[in-house]
Enquirer: 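This is the structure I want to talk about, given as C-alpha cells.
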Amino acid sequence: MKIGPELKRVFEKQQYRIVGNHSLVKVCYWTKKSLSENRVCFKEKWYPPVESHRCMEITPYFGCNFNCLYCWRLHPGDRPNLKWKEFPLEKYDEPSDIIENAIEARKKLLSGFKGNPNVDKKKFEEALKPSMMTLSLTGEPTLYPKISELIKEGNKRNIITFLVTNGSMPNVLANLDPLPWQLYVSLSAPDKGTFVKTCRPLASGMWEKVNETLELFSSLDCRTVIRLTLVNGLNFFKPEKYAKLILKAEPKFIEAKSYSWIGESRKRLPSTAVIPLEKLKEFAQKIAEYTGYRIKDEDTASRVVLLSKK
C-alpha cells in the first residue's frame, strides 16, 4: 500500500517524512528538547541506555487495526475525502531500506539545529547517528510483515529497538526473533466494553487477542512494559480490573500515563480528558495495592507514573 499525494501533503505538514511506500519518521519532541534545552524524556531517566537526542521515532507501517479515540494520528475518514485502507499491508519495503532511508530523512529534519547557538555541537553530531529506534509514532508496527528482520537490521547498526504495540498480534510477538530491547503493550481498557468504545478495533476478536498477548508477555525474554493510557471520562476507572490484566502479563514495569491532548485527538476528545498528575498518582497507588508493584518515580511533564516489581 502506497501513501497517496493528498495524505503525503498532510503528513509532511505535520513534520513527518515519508520513507519508501509505507513508513514514516519524525523528530521526537524530546529529541528537540534534549538538543536545545538539555531536557530529556522520561525514558532516558528510567530505561538506560536510552538517550533522547539519539532516539529515532519511526513507524514501519502507517496503518493500524485500531482507531483509538485518544490517538494523535489521523484516521481514515477524519477529514473529508481523505480515506485509505488501514490494513493489511500487501506489498512492503525491505527492512534495510526502511532504516537507511529513515536515518537520512531524520538527518535532514535535524539539520536546522546545526546553527542553533544553544545546541552543543558534539551532541548534535551524536543525534545524527541514532542509537535506538522507537517503533510506534503512528500506526501499528506489528502489521509490518518483516518486523523481526527490521529489529535485526537495527542491531547490525548498533541501534536498539523499543517496540510499542497495541497487543493485537500475539502470534507476531510470539515469533519475534530477535526480540526488541524493550517491548511495550498499550493497555487502554479494563474490560471488553470499554475497550471497544475506547480503541474502536477494525476487526472482531481484538479484545481476545490483546488478552492472548498479556498471557504471552511473561515468557518473552526482554524488558517488558504495560502502559495504561488513561483518559478522563473514558477509561479512567476500575483499577482492580486493570490490575487483574497486569498480573496476567507480569511485566517488569507499569506506566500509568495520562492521555495528552495533542494532534487529531483534539477533535475527538475535550481538553478535560487529560488527567491531573495528583489524580493519576492516586490511581497508580491503587494499581500498586492490587498488584504488589510499587511506585518508583513520576514525570510531571509527560504525566506518567512508573511502577516496578522491585
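None of the values given here were measured: they were computed from a predicted structure.
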Enquirer: Can a side-chain donor-acceptor contact be found between Asn38 and Lys33 if the only test is distance below 3.5 angstrom?
Expert: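 No, no side-chain donor-acceptor contact under 3.5 Å.
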Enquirer: Among Ile, Leu, Val, Met, Phe, Trp and Tyr joined by side-chain contacts under 4.5 Å, find the other residues sharing a cluster with Trp181 and list them by chain and number.
Expert: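 Joined to Trp181, directly or through intermediates: Phe42, Trp46, Tyr47, Val50, Met132, Ile160, Phe162, Val164, Tyr184, Val225, Phe253, Val304, Leu306.
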Enquirer: Does the side chain to side chain contact (heavy atoms under 4.5 Å, CB included) test come out yes or no for Phe217 and Leu183, once each step is laid out?
Expert: CA-CA 9 Å; Phe217 217 45; Leu183 177 62; 3.6 Å; yes
Enquirer: We want to know whether Lys123 and Ser34 form a side-chain donor-acceptor pair, criterion being a heavy-atom distance below 3.5 angstrom.
Expert: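 Indeed, the side chains of Lys123 and Ser34 share at least one donor-acceptor pair under 3.5 Å.
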Enquirer: Any sub-3.5 Å donor-acceptor pair from Thr165's side-chain atoms to Gly167's backbone N or O?
Expert: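 The answer is yes, because a donor-acceptor pair under 3.5 Å joins these two groups.
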Enquirer: Determine the sole option in Ile295, Ile287, Val305 for which the side-chain contact (heavy atoms from CB on, under 4.5 Å) test with Ile254 is passed.
Expert: Ile287
Enquirer: Does anything in residues 234-247 form a side chain to side chain donor-acceptor pair (under 3.5 Å)? List the pairs, not counting sequence neighbours.
Expert: Asp191-Lys238
Enquirer: What I want to find out is whether Glu264 reaches Arg79 closely enough, with some N-O distance under 4.0 Å, to be called a salt bridge.
Expert: yes
Enquirer: Does any donor atom in the side chain of Ser96 or Glu94 lie under 3.5 Å from an acceptor atom in the other side chain?
Expert: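 Glu94 and Ser96 do not have a side-chain donor-acceptor pair below 3.5 Å.
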Enquirer: So, do Leu135 and Thr59 sit near enough that their side-chain heavy atoms are less than 4.5 Å apart?
Expert: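 The answer is no; the side chains never approach within 4.5 Å.
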Enquirer: Does the side chain of Ser131 reach to within under 4.5 Å of the side chain of Glu51, using non-hydrogen atoms?
Expert: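 Yes - at least one pair of side-chain heavy atoms lies under 4.5 Å apart.
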Enquirer: Side chains of Lys91 and Asn21 only: does a donor on one sit below 3.5 Å from an acceptor on the other?
Expert: no
Enquirer: Within a radius of less than 6.0 Å around CD of Glu6, do more than 12 heavy atoms belonging to other residues, nucleotides or ligands occur?
Expert: no
Enquirer: How long is the span from the NZ atom in Lys121 to the CG atom in Asn116, to the nearest 0.5 Å?
Expert: 10.0 Å
Enquirer: Do side-chain atoms of Ser23 reach the backbone of Gly20 as a donor and acceptor pair under 3.5 angstrom?
Expert: no
Enquirer: Shortest non-hydrogen contact from Val119 to Phe124?
Expert: CG1-CB, 3.9 Å
Enquirer: How close do Ile147 and Pro60 get, heavy atom to heavy atom, and via which atoms?
Expert: CD1-CG, 4.3 Å
Enquirer: Just so I know, are the side chains of Leu228 and Lys257 near enough to count as touching, which here means a heavy-atom distance under 4.5 Å?
Expert: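 SC-SC contact between Leu228 and Lys257 ruled out.
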Enquirer: Go through Ile151 and Leu176 one step at a time and tell me if the side chain to side chain contact (heavy atoms under 4.5 Å, CB included) criterion holds.
Expert: CA-CA 9 Å; Ile151 295 169; Leu176 281 176; 4.2 Å; yes
Enquirer: Backbone N or O of Leu128 within a donor-acceptor pair of the Arg106 side chain at under 3.5 Å?
Expert: no
Enquirer: Between Glu126 and His53, do the side chains contain an N or O donor and an N or O acceptor separated by less than 3.5 Å?
Expert: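 The criterion, which ignores hydrogens and geometry beyond distance, is satisfied for His53 and Glu126.
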Enquirer: So, Ser52 versus Glu44: side-chain donor-acceptor pair below 3.5 Å or not?
Expert: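 Distance-only check passes for Ser52 and Glu44.
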Enquirer: Is it true that Arg39 and Glu37 make a salt bridge, defined as a side-chain N closer than 4.0 Å to a carboxylate O?
Expert: yes
Enquirer: Any side-chain to backbone donor/acceptor pair from Arg294 onto Glu289? Under 3.5 Å, distance only.
Expert: no
Enquirer: In this structure, are over 12 heavy atoms from other groups packed under 6.0 Å from Lys8 atom NZ?
Expert: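 No.
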Enquirer: Using the six-membered ring wherever Trp is involved, compare the ring planes of Phe11 and Tyr16 and label them parallel, tilted or perpendicular (cut-offs 30° and 60°).
Expert: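 Perpendicular.
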Enquirer: Connecting only ILVMFWY residues whose side-chain heavy atoms lie within less than 4.5 Å of each other, what is the rest of Tyr70's hydrophobic cluster?
Expert: Leu69, Val231, Leu234, Tyr259, Trp261, Leu269, Val274
Enquirer: Could you give me the CA-CA distance, side-chain angles and deciding distance for Leu137 and Lys26, then say whether side chain to side chain contact (heavy atoms under 4.5 Å, CB included) is met?
Expert: CA-CA 8 Å; Leu137 188 58; Lys26 188 175 186 179; 3.9 Å; yes
Enquirer: Taking NZ, NE, NH1 and NH2 as the nitrogens, is one of them in Lys156 or Glu153 under 4.0 Å from a carboxylate oxygen of the other?
Expert: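 Between Glu153 and Lys156 there is a salt bridge, with a charged N closer than 4.0 Å to a carboxylate O.
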Enquirer: Is the backbone of Gly263 close enough, under 3.5 Å, to the side chain of Arg266 for a donor and an acceptor to pair up by distance?
Expert: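 At least one qualifying donor-acceptor pair exists.
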Enquirer: Below 4.0 angstrom, N of the basic side chain to O of the carboxylate: do Lys122 and Glu125 qualify?
Expert: no
Enquirer: Between the side chains of Asp78 and Asn67, is a donor N or O closer than 3.5 angstrom to an acceptor N or O?
Expert: no
Enquirer: State, to 0.1 Å, how close Leu245 and Pro190 come at their nearest heavy-atom pair, and which atoms those are.
Expert: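 Looking at all heavy atoms of both residues, the closest pair is CD1-O, 3.8 Å.
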Enquirer: Tell me whether Thr198 contacts the main-chain N or O of Thr194 through its side chain, where contact means a donor paired with an acceptor under 3.5 Å.
Expert: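 Yes, the answer is positive, given that a donor and an acceptor are paired below the 3.5 Å cut-off.
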Enquirer: Less than 4.0 angstrom from a charged side-chain N to a carboxylate O is my criterion; do Arg303 and Glu298 meet it?
Expert: no
Enquirer: Ring centres under 6.0 Å, that's the criterion: do Tyr61 and Tyr144 meet it?
Expert: no
Enquirer: Regarding Lys146 and Glu149, does a basic nitrogen lie under 4.0 Å from an acidic carboxylate oxygen?
Expert: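 Glu149 and Lys146: not salt-bridged.
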Enquirer: Verify, without hydrogens or angle tests, whether His22 (side chain) and Asp93 (backbone) share a donor-acceptor contact under 3.5 angstrom.
Expert: yes
Enquirer: Which heavy atom in Pro251 sits nearest to a heavy atom in Ile226, and how many Å separate them?
Expert: CG-CG1, 3.5 Å
Enquirer: Between Asn211 and Trp207, is there a donor-acceptor pair closer than 3.5 Å when you use the side chain of the first and the backbone of the second?
Expert: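 A pair under 3.5 Å: yes.
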Enquirer: Checking Arg54 side chain against Lys129 main chain: does a donor-acceptor pair fall under 3.5 Å?
Expert: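 Indeed, once roles are kept as given, a pair shorter than 3.5 Å links the two residues.
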Enquirer: Taking C-beta and beyond as the side chain, do Val40 and Trp30 meet within less than 4.5 Å on heavy atoms?
Expert: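 Not touching, per the 4.5 Å side-chain cut-off.
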Enquirer: Find the distance between CG (Asn65) and CE (Met169) and round it off to the nearest 0.5 Å.
Expert: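 With rounding to 0.5 Å, CG (Asn65) is 7.0 Å from CE (Met169).
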Enquirer: Looking at Thr224 and Lys252, would you say the former's side chain and the latter's main chain have a donor-acceptor pair under 3.5 Å?
Expert: yes
Enquirer: Go through Met56 and Ile103 one step at a time and tell me if the side chain to side chain contact (heavy atoms under 4.5 Å, CB included) criterion holds.
Expert: CA-CA 8 Å; Met56 179 167 69; Ile103 290 172; 3.9 Å; yes
Enquirer: Please give me the minimum heavy-atom distance between Arg73 and Gly139, naming the atom from each residue.
Expert: NE-N, 3.5 Å
Enquirer: Considering non-hydrogen atoms only, spot the tightest contact between Phe66 and Cys199 and give its length.
Expert: CB-O, 3.5 Å
Enquirer: Drop me the distance from Cys68's SG to Lys197's NZ, to the nearest 0.5 angstrom.
Expert: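 Going from SG on Cys68 over to NZ on Lys197, the span is 14.0 Å.
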